[in-house]
Each structure stands twice: as C-alpha cells, then as structure tokens.
There are 2 protein chains.
Amino acid sequence: MLDDLDKTDRKILALLQQDGNLTAAEIADQIGLSQSPCWRRINRLQQQGYIANRVVLLDRHKVGLGVVAFVTIKLSSHGRNSLEEFELAIVGFPEVVECWTVSGAMDYILRVVTQDMDSYEFFLRHKLLKLAHIHEAQSHISMTEVKNTTQLPLQP
Amino acid sequence: MLDDLDKTDRKILALLQQDGNLTAAEIADQIGLSQSPCWRRINRLQQQGYIANRVVLLDRHKVGLGVVAFVTIKLSSHGRNSLEEFELAIVGFPEVVECWTVSGAMDYILRVVTQDMDSYEFFLRHKLLKLAHIHEAQSHISMTEVKNTTQLPLQP
DNA sequence: TGTGAAAAGGCGCAAAC
DNA sequence: GTTTGCGCCTTTTCACA
C-alpha cells in the first residue's frame, strides 16, 4: 500500500492536498519533473484510490454557519442493532460532519455544525436526542477554531 | 453575507462540496440552468470568498495513516501568552488536523492522525506533551469512522 | 521511468441577444 | 438568463532516451 508511494508521489499528494487546482504541469514544475511522468503519476494515484475525492471547501462563516459543537455520547444498550440504528441516523444528519467511535469514557464523539445556538438547540432536542438508545450526551460548544485542515500528514 | 446566496447558489455549492471536478456545464445541467450564468455564479462565489479552497482528499488508510485520536487538553496557566504559544505550536504539528477551543471541562480538543500506535505514542510524548502550560491531557483513540465529511450543511 | 513535443478536445470566458 | 462561439490551456498520447 504505502510502499507504492515514493518521495515523488508524496510530494504530488502534498501539493494536491493544499491546492486541488494545480495542473499536472504546475506540479511538475514545483517538484522538478516534466509534465508527462507527473501526469501519469497523478493518474495512477487517482486510479489506485490514494486520491479519494476532489472537493470544494466552503467558508463556514460566509455561508452562515456560526456554531461548531462537539457532542460526546454514551449509548444505553450496546446491542448490534442499537449501534447500527444510531449510526445510520447519524449519517443522515447533515449537521453532523464527523462521528467517530472512541475508546474510554464515551462511546461516540460528534462534530456538529449549525447556523446559531438556536438551531443547535433545535438539532439537539428534536433530532439527536430523539434517537433511541442514547444514555448520555454532553455538548461542548467550540469558541474558536485554532486549526482545521483536510491535509493529512505525509512523511516527506 | 448569507443573504447573498439564493437557492441556485446553494445548489451550486452543495454540488461542488460533493465533487470539485464538476464543470460549470455539468452543474448547469443538474440544476436546470444554462452554462453561462452558472459559470458566472461559480466565479462570483469564488471571488466573494464563499468558496474557500479546492483540494484533494486522500484515502487515509491507503496512505498508511491508521490511527485517529482525540485529545482533550487543559492548560495550567491561562495567560494570553500561554494560549498563543500553545496554539502556535499546534498549528505547526502536521499530525494535528483539527484543534478547537471548547467550553466546559476541557480547554482544547484536538484530532490527531498518525500511522500507528507507536507513532502516536511518539507524537504524544515527544511533541505534544513537551509543550509548556499543559496541565492535563486525555487521549481517546478512535476505533471506527462512522462519518467524516467536508460537506457543510446548507439550507436548500 | 523520465524527456520532449505534438494532437485533440474540453472548458473557461465573453459578446450579443 | 439564454444561446453561440472563439481561443487557450489541459489533458492525453506517442516516439525516444
């Protein structure tokens, strides 16, 4: 898997993580390679699935989304069905941008994005807490965003 | 701000959040509009900063990053300098993909991505916990990724 | 695998309606 | 907002080292 990636591949991926608009020629330039092999590599990286997706990132504030909150959740029953039901519902909530299971004191940690505190309250009371099997849920409203990147760390 | 976005703009942004490869023509098609006005809108959305960035998302597992962890942190001294020092260091760690300040029991919550548990341990002991002013840090290793999207919720 | 050049076609972009 | 069109630039390919 990873071993298929040499230093050049990683440089390409690092650049594309920063700016998805870069053309093969521009990338080739920046890493000291000519266009053709660079293009072939990008192609391969896409084909083989190293590149999962190419997307546009929005400015959260500009599109009117002022609230980010983390919710830690414990389920009451841990049957297989409870988990699946819960997770299926979560995936369907557009306000939930992340949901992970974690070890330790809680079962799940979610990141939720809404317009304001009113809409957050509404989401919490009428959507999230309406789900079955929730034993405990704790909200942590985020005050400031110190760092929020989609760039994964790649060894150079 | 948000009021500048009509339904058509939001449809465009929704599509581009899913797939940044879409051309103006393709988007126009999908929302029942002709190419030119669609292109003009996309341009405006970019110019005015609604679109923050266009990037490539990598497959975390394919690039050899198996561990995702959440770290909650309390600082010991809350002077302005402590915060700035801490945050500056955080931004410099490529392993930290997210860092937010939150209300409540902890001060910060981080999401950290590393190759394996060994490299996570190393990051924790030799980089994160080496920072000054840290009073308490708790790690929560993520087991499974239920949802992880860059798509922000937009009212249709 | 890398280099260089060359073909083809798509897409950004703008003008006219 | 629509339809039309030009021209660039990007992708894509080929012959060759």
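Quick caveat, the model's predicted, so the values are computed rather than measured. Chain A is the first sequence line, chain B the second, and so forth, proteins listed ahead of strands; every chain is numbered from 1.
In this structure, Q47(A) places its CD atom 14 Å from P of dT11(D), rounding to the nearest Å. Going from atom CG of D29(A) over to atom C1' of dT3(C) covers 14 Å, rounded to whole Å. Distance R41(A) CZ to dT12(D) P: 17 Å, rounded to the nearest Å. Spacing between atom CZ of R54(A) and atom C1' of dT11(D) amounts to 12 Å, rounded to whole angstrom units. Protein atom CG of L33(A) is 15 Å distant from nucleotide atom C1' of dA17(D), rounded to whole Å. Atom NZ in K7(A) sits about 18 Å away from atom C1' in dT1(C), given to the nearest Å.
Heavy-atom contacts from other residues, nucleotides or ligands closer than 6.0 Å to CE of M117(A) number more than 12.
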Letter by letter from the 5' end, nucleotides 10-15 of chain C scores (B base, S sugar-phosphate only, - none; protein heavy atoms under 4.0 Å) -SSSB-

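You'll find the ring centres of F86(A) and Y108(A) inside the 6.0 Å limit.
At distances below 3.5 Å, not a single donor-acceptor pair connects side-chain atoms of Q17(B) with backbone N or O atoms of L58(A).
When every heavy atom of I90(A) is checked against every heavy atom of C99(A), the shortest pair comes out as CG2-CB, 3.6 Å.
Note: F123(A) and F93(A) have perpendicular aromatic rings, judged against thresholds of 30 and 60 degrees for the angle between ring planes.
R44(A) comes within 4.0 angstrom of no nucleic acid atom, judged by non-hydrogen atoms across all strands.
Using a 4.5 Å cut-off between side-chain heavy atoms of Ile, Leu, Val, Met, Phe, Trp and Tyr, with links allowed through other members, V68(A) and V63(A) fall into the same hydrophobic cluster.
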